[in-house]
Amino acid sequence: KEPGHKVHGYCLSRLNQDGAEELMDGWERAVHRAEYERQNFGIPSVTGKDTLTMEMVYACCTKGVNLQTGSYESVMGVDVGGQIFHVVIMEGRKVVWFGEKKEWSDLSLLMRLFRVRSCVIDALPEVRAGRDFSEEWRGRVRRSYYVTDRSRTEITVSESDDKILLNRNMALDAVYEGIVTKHLRLPDHGLCETYADQLCSIIKDEEENSITGETKWVWKKLGADHLFHATAYAMAAGKVNVWVGSYIDPFPMSEGAAV
């Protein structure tokens, strides 16, 4: 489930124990087939409505354009995965930087280096540290909680604190549509292999409730997909109105400083 993890688990299909004919008979009689497939075949039922390919992502790349550093009015999205921060920084519809950082101070450095005007960060699991980071950058940082209801509101902004509620399906749909329509612009494809791989590691599929039989479309993880979510957060940051005020960088940096 977690690529690169030291512990690996495996799910053994019942095909190793029972005859295929018996299992297929059960599948034909099953009321909820998706659940039957998960329980008996040991594989997720993924038919896939929307998923990206490497070719789709590379079609958004601009030949010869490198990841940029320096002074920009940018937005930043941060997905928290374990002890690693997965970051995407955008300027307009261009991805100007992406990568991983390990410390909150590293995120502050990026905030200064790119003159980030708006940042949305995954609120979980680092609730207290995330609150401290938001307080440090008051007015520029929002902590995001995914919601899975069927509301047609993509972003609900709290007026009393730094929280936003982000409709998970709509936010991830926006990333997918941004790539498919080539609205998002990426650096040279030679720099984007890891980014492209993570954008292709999630799929929108129909999920069936095993009790009610009700179905709904949800995005499912197929592998490491942190940068997909970080992109969703960055795009959300571009839509959130923040109070910037008069900003004087307390630690000015020269353009072109290494990230």
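For clarity, every value in this text was computed on a predicted model and none was experimentally measured. We count residues from 1, following the sequence as given.
Taking 4.5 Å as the limit, some side-chain heavy atom of V127 sits within range of a side-chain heavy atom of R143. Between S144 and I164 there is a side-chain heavy-atom pair separated by less than 4.5 Å. Between E136 and M111, the closest side-chain pair of non-hydrogen atoms is not below 4.5 Å. For the pair I89 and F98, the minimum side-chain heavy-atom distance is 4.5 Å or more. Residues T148 and V218 are not in side-chain contact: their nearest non-hydrogen atoms beyond the backbone lie 4.5 Å or more apart. When side chains are defined from C-beta on, L184 counts as touching M235, because their heavy atoms get closer than 4.5 Å. Taking 4.5 Å as the limit, some side-chain heavy atom of L107 sits within range of a side-chain heavy atom of I121. Taking 4.5 Å as the limit, every side-chain heavy atom of D106 sits out of range of all side-chain heavy atoms of F85.
Annotation: the span from E206 atom CD to K204 atom NZ amounts to 11.0 Å, rounded to 0.5 Å. Once rounded to the nearest 0.5 Å, the distance linking CG of L172 with CE of M170 reads 11.5 Å. Once rounded to the nearest 0.5 Å, the distance linking NE2 of H86 with OG1 of T194 reads 11.5 Å. Expressed to the nearest 0.5 Å, how far CG of N209 lies from NZ of K216 amounts to 8.0 Å. In this structure, the separation between CZ on R142 and CG on L165 is 11.0 Å, given to the nearest 0.5 Å. To the nearest 0.5 Å, atoms CZ (F228) and NZ (K221) are separated by 13.5 Å.
At distances below 3.5 Å, not a single donor-acceptor pair connects side-chain atoms of S134 with backbone N or O atoms of G130. Side chain of R168 to backbone of Y146: no donor-acceptor contact under 3.5 angstrom is found. In this structure a side-chain-to-backbone donor-acceptor pair under 3.5 Å is missing from S118 to G238.
For the side chain to side chain donor-acceptor pair (under 3.5 Å) with D79, the lone residue among H229, Q198, H226 that qualifies is H226. Under the side chain to side chain contact (heavy atoms under 4.5 Å, CB included) rule, T51 has a single partner from L199, I202, I203, which is I203.
Considering all non-hydrogen atoms of both residues, R185 and C61 come closest at NH2-O, 4.0 Å. Taking all atoms of both residues into account, the shortest heavy-atom contact from M76 to A237 is O-CB, 3.8 Å. Across S201 and A224, no two heavy atoms sit closer than the pair CB-O, 3.3 Å. Listed here is the closest heavy atom pair of V75 and A234: CG2-O, 3.5 Å. Across I179 and C60, no two heavy atoms sit closer than the pair O-SG, 3.3 Å. Closest approach of F114 and S74 over heavy atoms only: O-OG, 3.5 Å.
Under the 4.5 Å side-chain heavy-atom criterion for grouping Ile, Leu, Val, Met, Phe, Trp and Tyr, M56 is connected to V175 within one hydrophobic cluster. Linking Ile, Leu, Val, Met, Phe, Trp and Tyr whenever their side-chain heavy atoms come within less than 4.5 Å puts V120 and I155 in one cluster. Residues M54 and Y195 are members of separate hydrophobic clusters, defined by side-chain heavy-atom contacts under 4.5 angstrom among Ile, Leu, Val, Met, Phe, Trp and Tyr. By the rule that hydrophobic residues join a cluster once side-chain heavy atoms approach within less than 4.5 Å of another member, L124 and V147 end up as members of one cluster. Both V180 and V95 are members of a single hydrophobic cluster when ILVMFWY side chains are connected at heavy-atom separations under 4.5 Å.
Other residues, nucleotides and ligands place more than 12 heavy atoms under 6.0 Å from the CD atom of E100.
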V78 vs Y233, side chain to side chain contact (heavy atoms under 4.5 Å, CB included): CA-CA, chis, key distance, verdict: CA-CA 7 Å; V78 183; Y233 290 136; 5.9 Å; no
Verdict with reasoning, N167 to T153, per side chain to side chain contact (heavy atoms under 4.5 Å, CB included): CA-CA 7 Å; N167 185 302; T153 302; over 6 Å; no
Working for side chain to side chain contact (heavy atoms under 4.5 Å, CB included), residues W97 and L110: CA-CA 10 Å; W97 194 89; L110 289 174; 3.9 Å; yes
Candidate pair R140 and V116, rule side chain to side chain contact (heavy atoms under 4.5 Å, CB included), full reasoning: CA-CA 8 Å; R140 292 178 183 264; V116 173; 5.8 Å; no
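Between F133 and W104, the angle of the ring planes lies from 30° to 60°, which puts this pair in the tilted group.
Residue pairs meeting the salt bridge (charged side-chain N to carboxylate O under 4.0 Å, His left out) criterion with at least one partner in residues 118-131, sequence neighbours excluded, are absent.
Between the side chains of D50 and W219, not a single donor N or O lies within less than 3.5 Å of an accepting N or O.
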